[in-house]
Q: 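This is the structure I want to talk about, given as structure tokens.
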There are 2 protein chains.
Amino acid sequence: MYYTISQLAEQFDISTRTIRYYEERGLISPIRTESGQRLYTKKDRAVLKLILRGKRFGFSLEEIHEMISLFDNDRTGRKQLEKTIAYGEQKLKEVTERIEDLMQLKQEMESILADFRERLQKMEGTK
Amino acid sequence: MYYTISQLAEQFDISTRTIRYYEERGLISPIRTESGQRLYTKKDRAVLKLILRGKRFGFSLEEIHEMISLFDNDRTGRKQLEKTIAYGEQKLKEVTERIEDLMQLKQEMESILADFRERLQKMEGTK
DNA sequence: ATTTTAATTTACGTTTACGTAAAAGTCAAG
DNA sequence: CTTGACTTTTACGTAAACGTAAATTAAAAT
């Protein structure tokens with residue numbers, strides 16, 4: 001039902017310190033046993049996964065924090081909901097731009113590689 | 001013909017310190033005037049652009065350094081060329097994975113946004 | 001020619017994202 | 001019940017990527 005901190009650490013191959021640090025920064029909020037030990041739910045696990053993915057994209061923990069609040073805050077008021085949608089659209093745009101940017105990089109890398117392979121071909125011919 | 005450091009800094013909206021730091025780390029190598037001032041060519045500018053793009057993708061300066069050496073090192077020997085190609089293929093794979101990862105994130109964000117928009121619709125109905 | 005603006009090196013400071021160690025309490029196994 | 005593995009908080013340490021300030025020199029503008 002619940003995960004301990006070291007179980008999660010092992011699953012994601014990160015340190016317990018890292019997980020506690022994310023908590024310090026307000027990114028994750030496990031419940032506690034009466035004795036004070038942290039217990040993580042499936043949802044907490046999902047949040048952690050989100051954090052790590054965000055990191056791979058080069059987002060700062062601060063940015064990730066904002067993005068997470070998109071998910072779990074119950075945006076009840078209409079105004080709040082509108083603001084959330086606007087923010088989400090903005091982030092979506094950023095992600096889309098990043099994808100395009102990355103695809104361009106991929107193209108460039110492919111053409112450079114093609115060039116190198118060609119050169120190698122010619123060398124094989126001579127030697 | 002040449003750019004000064006502050007021209008580049010302005011063009012890319014970064015500090016001159018940042019550019020000098022990249023030089024410290026061996027990522028960029030401008031020529032100098034007799035008095036010691038840095039002069040940047042178009043190629044230097046292109047490298048700087050590459051660096052900044054790499055950063056947006058969350059690559060460290062160290063990784064970017066390696067990737068840059070792909071471009072400007074004249075890999076003359078066959079062995080060298082093979083190594084370079086292998087490294088390039090590896091990096092290309094990483095980039096491809098990142099793109100896929102990002103596209104998945106995009107999908108998730110879109111579905112969350114769709115959900116929010118739906119909620120908003122229902123609220124407009126009642127109020 | 002002299003201000004003003006820009007550049008250089010040197011060097012210490014700062015933030016982010018953790019690592020690491022210590023001291024103390026807790027849980028699980030034998 | 002004790003040993004050992006795990007967890008907690010507190011706190012200092014660290015690497016990366018710059019920021020910032022000082023002292024000096026050079027270039028551009030008036």
Side-chain angles (χ1 to χ4, degrees), chain A residues 1-41 44-45 47-69 91 94 98 101, chain B residues 1-41 44-45 47-69 91 94 98 101:
Chain A
M1 194 59 190
Y2 291 110
Y3 302 99
T4 76
I5 194 165
S6 54
Q7 282 172 345
L8 282 190
E10 195 185 349
Q11 285 177 36
F12 291 109
D13 195 32
I14 56 180
S15 72
T16 57
R17 174 70 176 94
T18 297
I19 299 177
R20 290 197 194 93
Y21 180 67
Y22 293 160
E23 184 177 347
E24 272 183 52
R25 300 292 307 271
L27 293 173
I28 195 169
S29 306
I31 57 167
R32 302 291 187 117
T33 68
E34 57 202 61
S35 69
Q37 273 177 272
R38 293 169 173 83
L39 290 181
Y40 298 85
T41 66
D44 291 327
R45 206 192 104 105
V47 168
L48 186 53
K49 204 171 178 179
L50 246 164
I51 296 170
L52 297 176
R53 189 163 55 182
K55 292 227 64 194
R56 286 202 302 281
F57 303 145
F59 289 115
S60 72
L61 291 184
E62 187 55 35
E63 287 175 296
I64 295 170
H65 189 181
E66 284 178 354
M67 297 181 74
I68 283 176
S69 62
K91 281 293 161 189
E94 284 175 33
R98 258 185 215 220
D101 221 5
Chain B
M1 193 60 187
Y2 291 112
Y3 301 99
T4 76
I5 194 166
S6 52
Q7 282 171 347
L8 282 190
E10 194 186 350
Q11 285 177 36
F12 291 108
D13 195 32
I14 55 180
S15 72
T16 57
R17 174 70 176 96
T18 296
I19 298 177
R20 291 197 193 94
Y21 179 67
Y22 293 159
E23 184 177 347
E24 272 182 52
R25 299 292 307 272
L27 293 173
I28 197 169
S29 306
I31 57 168
R32 301 291 187 118
T33 67
E34 57 203 60
S35 69
Q37 270 177 272
R38 292 168 174 84
L39 289 182
Y40 298 86
T41 66
D44 291 327
R45 205 193 105 105
V47 168
L48 185 52
K49 205 170 177 179
L50 246 164
I51 297 170
L52 296 176
R53 189 163 55 182
K55 291 228 66 195
R56 285 201 302 281
F57 303 145
F59 289 116
S60 72
L61 290 182
E62 187 54 36
E63 287 175 296
I64 295 170
H65 190 179
E66 284 178 353
M67 296 180 75
I68 283 176
S69 62
K91 281 293 161 187
E94 284 175 33
R98 260 185 216 218
D101 221 6

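The structure presented is a predicted model; accordingly, all values stated were derived computationally and were not measured. Residue numbers begin at 1 in each chain, while the letters A, B, ... track the order of the sequences.
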Q: Can you tell me if B:Arg38 touches the phosphate of C:dA7, counting only side-chain N or O atoms and a distance under 4.0 Å to OP1 or OP2?
A: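 No, because none of the side-chain N or O atoms of B:Arg38 sits under 4.0 Å from OP1 or OP2 of C:dA7.
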
Q: Respond yes when some side-chain nitrogen or oxygen of B:Arg32 is under 4.0 Å from OP1 or OP2 of C:dT9, and no when none is.
A: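 Yes, B:Arg32 has a side-chain N/O under 4.0 Å of OP1/OP2 on C:dT9.
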
Q: Round to a whole Å and report the spacing from CZ of A:Phe12 to P of C:dA17.
A: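 These atoms are roughly 19 Å apart.
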
Q: Begin with the C-alpha distance, continue with both residues' side-chain angles, and end with the deciding distance and a verdict on side chain to side chain donor-acceptor pair (under 3.5 Å) for B:Tyr21 and B:Arg17.
A: CA-CA 6 Å; B:Tyr21 179 67; B:Arg17 174 70 176 96; over 6 Å; no

Q: Please pick, from D:dC6, D:dT8, C:dA6, the nucleotide with the shortest atom-to-atom distance to any side-chain atom of A:Ser6.
A: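 So the nucleotide nearest the side chain must be D:dC6.
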
Q: Can B:Leu48 and B:Asp44 be said to form a side chain to side chain contact (heavy atoms under 4.5 Å, CB included), step by step?
A: CA-CA 6 Å; B:Leu48 185 52; B:Asp44 291 327; over 6 Å; no

Q: Extract from the structure each pairing of a protein N or O with an N or O of nucleotides 16-19 of chain D at less than 3.5 Å, listing the distance.
A:
from	atom 1	to	atom 2	distance (Å)
D:dA17	OP1	B:Leu61	N	3.0
D:dA17	OP2	B:Arg25	NH1	3.0
D:dC18	OP2	B:Tyr22	OH	2.8
D:dC18	OP2	B:Lys55	NZ	3.0
D:dC18	N4	B:Arg17	NH2	3.4
D:dG19	OP2	B:Ser15	OG	2.4
D:dG19	OP2	B:Thr18	OG1	3.2
D:dG19	N7	B:Arg17	NE	3.3
D:dG19	O6	B:Arg17	NH2	3.3

Q: Taking the side chain as C-beta and beyond, is there a heavy-atom pair between A:Phe12 and A:Ile19 under 4.5 Å?
A: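 Result no, sub-4.5 Å side-chain heavy-atom pair not found.
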
Q: Please give, in whole Å, the distance from D:dT7 P to A:Ile31 CD1?
A: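 A:Ile31 atom CD1 is separated from D:dT7 atom P by 15 Å.
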
Q: Please report the end-to-end axis angle for the helix from C:dA1-D:dT30 to C:dG30-D:dC1, five pairs per end, rounded to 10 degrees.
A: 20°

Q: Which pair of non-hydrogen atoms, one from B:Arg38 and one from B:Tyr40, has the smallest distance, and what is that distance?
A: CD-OH, 3.2 Å

Q: Roughly, in whole Å, what's the span from CZ in A:Arg20 to P in D:dA11?
A: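 Taking CZ of A:Arg20 and P of D:dA11, I get 16 Å after rounding.
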
Q: Under a 4.5 Å cut-off applied to non-hydrogen side-chain atoms, are A:Tyr2 and A:Ile31 in contact?
A: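 Touching, per the 4.5 Å side-chain cut-off.
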
Q: Closest heavy-atom contact between A:Arg56 and B:Arg98?
A: O-NH1, 3.2 Å

Q: At a cut-off of 3.5 Å, list every protein nitrogen or oxygen paired with a nitrogen or oxygen from nucleotides 24-29 of chain C, distance to 0.1 Å.
A:
from	atom 1	to	atom 2	distance (Å)
C:dC27	OP1	A:Ser35	OG	2.8

Q: Show your working on side chain to side chain contact (heavy atoms under 4.5 Å, CB included) between B:Leu52 and B:Tyr22 and close with a plain yes or no.
A: CA-CA 10 Å; B:Leu52 296 176; B:Tyr22 293 159; 4.1 Å; yes

Q: What is the distance from CD of B:Glu10 to P of C:dT5, rounded to the nearest Å?
A: 15 Å

Q: Write down the distance between CD1 (A:Ile14) and C1' (C:dA17), rounded to a whole number of angstrom.
A: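 It works out to 12 Å between those atoms.
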
